[in-house]
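Heads up, the thing below is written out as structure tokens.
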Amino acid sequence: MKRLFQIFGGGLGWSLGGPIGAILGVAFANRIHDLVEGEKSSSSYTRTQQASPSDFHIALLVLAARVIKADGKVAQKELDFVRAQFVSMFGKERANESFAVFRKIVDQQIPLTKVCNQINGFTNHSTRLQLIHFLFKLGLADGHLHQNEVEEIRRIARNLRINPYDFESIKAMFSKESDTGWAYKVLEVSENASEAEVKKAYRKMALKYHPDRTIDAGAEAQAAAKETFLNVQKAYEHIQKSKGWS
């Protein structure tokens, strides 16, 4: 298992930065391997910089493996979704490597607290919000967001230091259209909020989810942020239209 991570990490590192990147990739792989196997405590890591592309990549792999098992089964549609997402984010060749590792991770017992503490050490808040957004997309891959999946994502969010308001905001982005209050939940305002309050909330949320806040986490994180940003814009436009505001 450890050798598999080393091979994957080295290949990823090479694609990011030549031989030195390969060495860093193996280091990242060993670090995540130790977390998955429960051999290292989160106190061993003190790095507090923003995420690199490889960090974001590995975080997706590990957290997605937790969510995909939350409803007690691993559906083929969910696996297909993960593969498709990896292809769109990393390209076909890297996606195949990622998916092979992901399938191995799914079989492991993943210590959530240690993993999330590790992720907190190398990501900023905006990048962690995008991880939660991706996990909700994954939960819906089979056409139904199971309550166990919601609760698993909630646990992950708590461990990633995402407050309940931001969690509910992202969750509302995936609400059914029959939920008339979804747009207000996205903007974190009351349905009785004034036009000025809604505009202020929109500006705040647009800043929070702006893709530039994830620029150091790589193109895949920025792509996720753009989608989240558009969901915020969609919520604002929905409220404007429903209220008849210009």
Side-chain angles (χ1 to χ4, degrees), residues 32 35-36 38 56-90 95 98-120 123 125-186 188 209 220-221 223-225 227-228 230-232 234-235:
I32 296 302
L35 283 175
V36 171
F56 186 78
H57 189 171
I58 293 170
L60 282 178
L61 293 178
V62 178
L63 296 180
R66 286 279 308 200
V67 172
I68 204 169
K69 297 189 295 183
D71 60 357
K73 60 181 183 300
V74 179
Q76 186 60 46
K77 286 184 179 179
E78 293 172 319
L79 292 174
D80 291 343
F81 172 82
V82 172
R83 185 188 287 276
Q85 287 297 305
F86 287 170
V87 170
S88 68
M89 289 190 294
F90 311 130
S98 300
F99 193 72
V101 174
F102 174 77
R103 291 299 301 265
K104 293 295 183 180
I105 295 175
V106 168
D107 295 331
Q108 303 299 311
Q109 292 296 319
I110 301 170
L112 182 60
T113 300
K114 290 181 180 180
V115 166
C116 289
N117 283 343
Q118 172 65 19
I119 293 170
N120 289 337
T123 60
H125 183 258
S126 294
T127 299
R128 295 196 292 275
L129 290 174
Q130 300 316 314
L131 290 171
I132 297 301
H133 187 270
F134 176 89
L135 295 178
F136 270 112
K137 287 180 64 177
L138 173 60
L140 276 170
D142 60 355
H144 175 68
L145 189 60
H146 195 281
Q147 187 59 35
N148 287 352
E149 292 171 327
V150 173
E151 293 308 314
E152 182 64 21
I153 299 172
R154 192 189 306 276
R155 280 190 290 272
I156 291 171
R158 283 199 299 265
N159 278 281
L160 292 180
R161 303 170 189 166
I162 304 299
N163 68 53
Y165 300 104
D166 286 340
F167 173 83
E168 291 298 335
S169 172
I170 297 173
K171 179 173 176 284
M173 295 178 188
F174 298 91
S175 297
K176 297 179 180 179
E177 292 298 326
S178 57
D179 180 5
T180 58
W182 71 270
Y184 296 93
K185 293 175 184 176
V186 169
E188 300 179 10
Y209 291 113
E220 52 263 28
E227 183 177 346
T228 314
L230 289 175
N231 285 334
V232 171
K234 178 182 175 182

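The first residue of the sequence shown is numbered 1, and numbering continues consecutively from there. Reckoned from all heavy atoms, side chains included, excluding hydrogens, waters and symmetry mates.
- A salt bridge does not link Arg154 with Glu149: every distance from a Lys NZ or Arg NE/NH1/NH2 to an Asp or Glu carboxylate oxygen is 4.0 Å or more.
- In summary, of the residues considered (Ile132, Val186, Asn163, Val232), a side chain to side chain contact (heavy atoms under 4.5 Å, CB included) with Ser169 occurs for Val186 alone.
- Contact annotation: the side chain of His125 approaches that of Ile162 to within less than 4.5 Å [non-hydrogen atoms, C-beta and beyond].
- Judged by a 6.0 Å distance limit and a 45° cone about the ring axis, Lys234 is positioned over the six-membered ring of Trp182.
- In this view, His133 and Asn231 satisfy the side chain to side chain donor-acceptor pair (under 3.5 Å) rule, not counting sequence neighbours.
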Evaluation steps, side chain to side chain contact (heavy atoms under 4.5 Å, CB included), between Leu135 and Arg66:
CA-CA 10 Å; Leu135 295 178; Arg66 286 279 308 200; over 6 Å; no

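- Judged purely by atom type and a 3.5 angstrom limit, Asp166 has no side-chain atom pairing as donor or acceptor with the backbone of Ala157.
- Side chain of Thr123 to backbone of Ile119: a donor-acceptor contact under 3.5 angstrom is found.
- Between Leu79 and Ile68, the closest side-chain pair of non-hydrogen atoms falls below 4.5 Å.
- In this structure, the side chain of Glu227 does not engage the main chain of Ala224 through any donor-acceptor pair within 3.5 Å.
- In this structure the side chain of Leu63 reaches within 4.5 angstrom of the side chain of Cys116, judged on heavy atoms.
- Closest approach of Ala172 to Lys185, counting heavy atoms only: CB-CB, 3.5 Å.
- At a threshold of 4.5 Å between non-hydrogen side-chain atoms, the residues Tyr209 and Met173 count as touching.
- Under the 4.5 Å side-chain criterion, counting only non-hydrogen atoms from C-beta, Ile153 is in contact with Phe167.
- To the nearest 0.5 Å, atom CD of residue Glu188 and atom CD of residue Glu168 are 9.5 Å apart.
- Considering only heavy atoms from C-beta on, Leu129 stays 4.5 Å or farther from Thr228 through its side chain.
- A pairwise comparison of heavy atoms in Ala183 and Ala235 identifies CB-O, 3.5 Å as the closest pair.
- Looking at Phe136 and Leu140, their side chains never come closer than 4.5 Å, going by heavy atoms from C-beta outward.
- Across all their heavy atoms, Glu152 and Ala70 have their closest contact at CB-CB, 3.7 Å.
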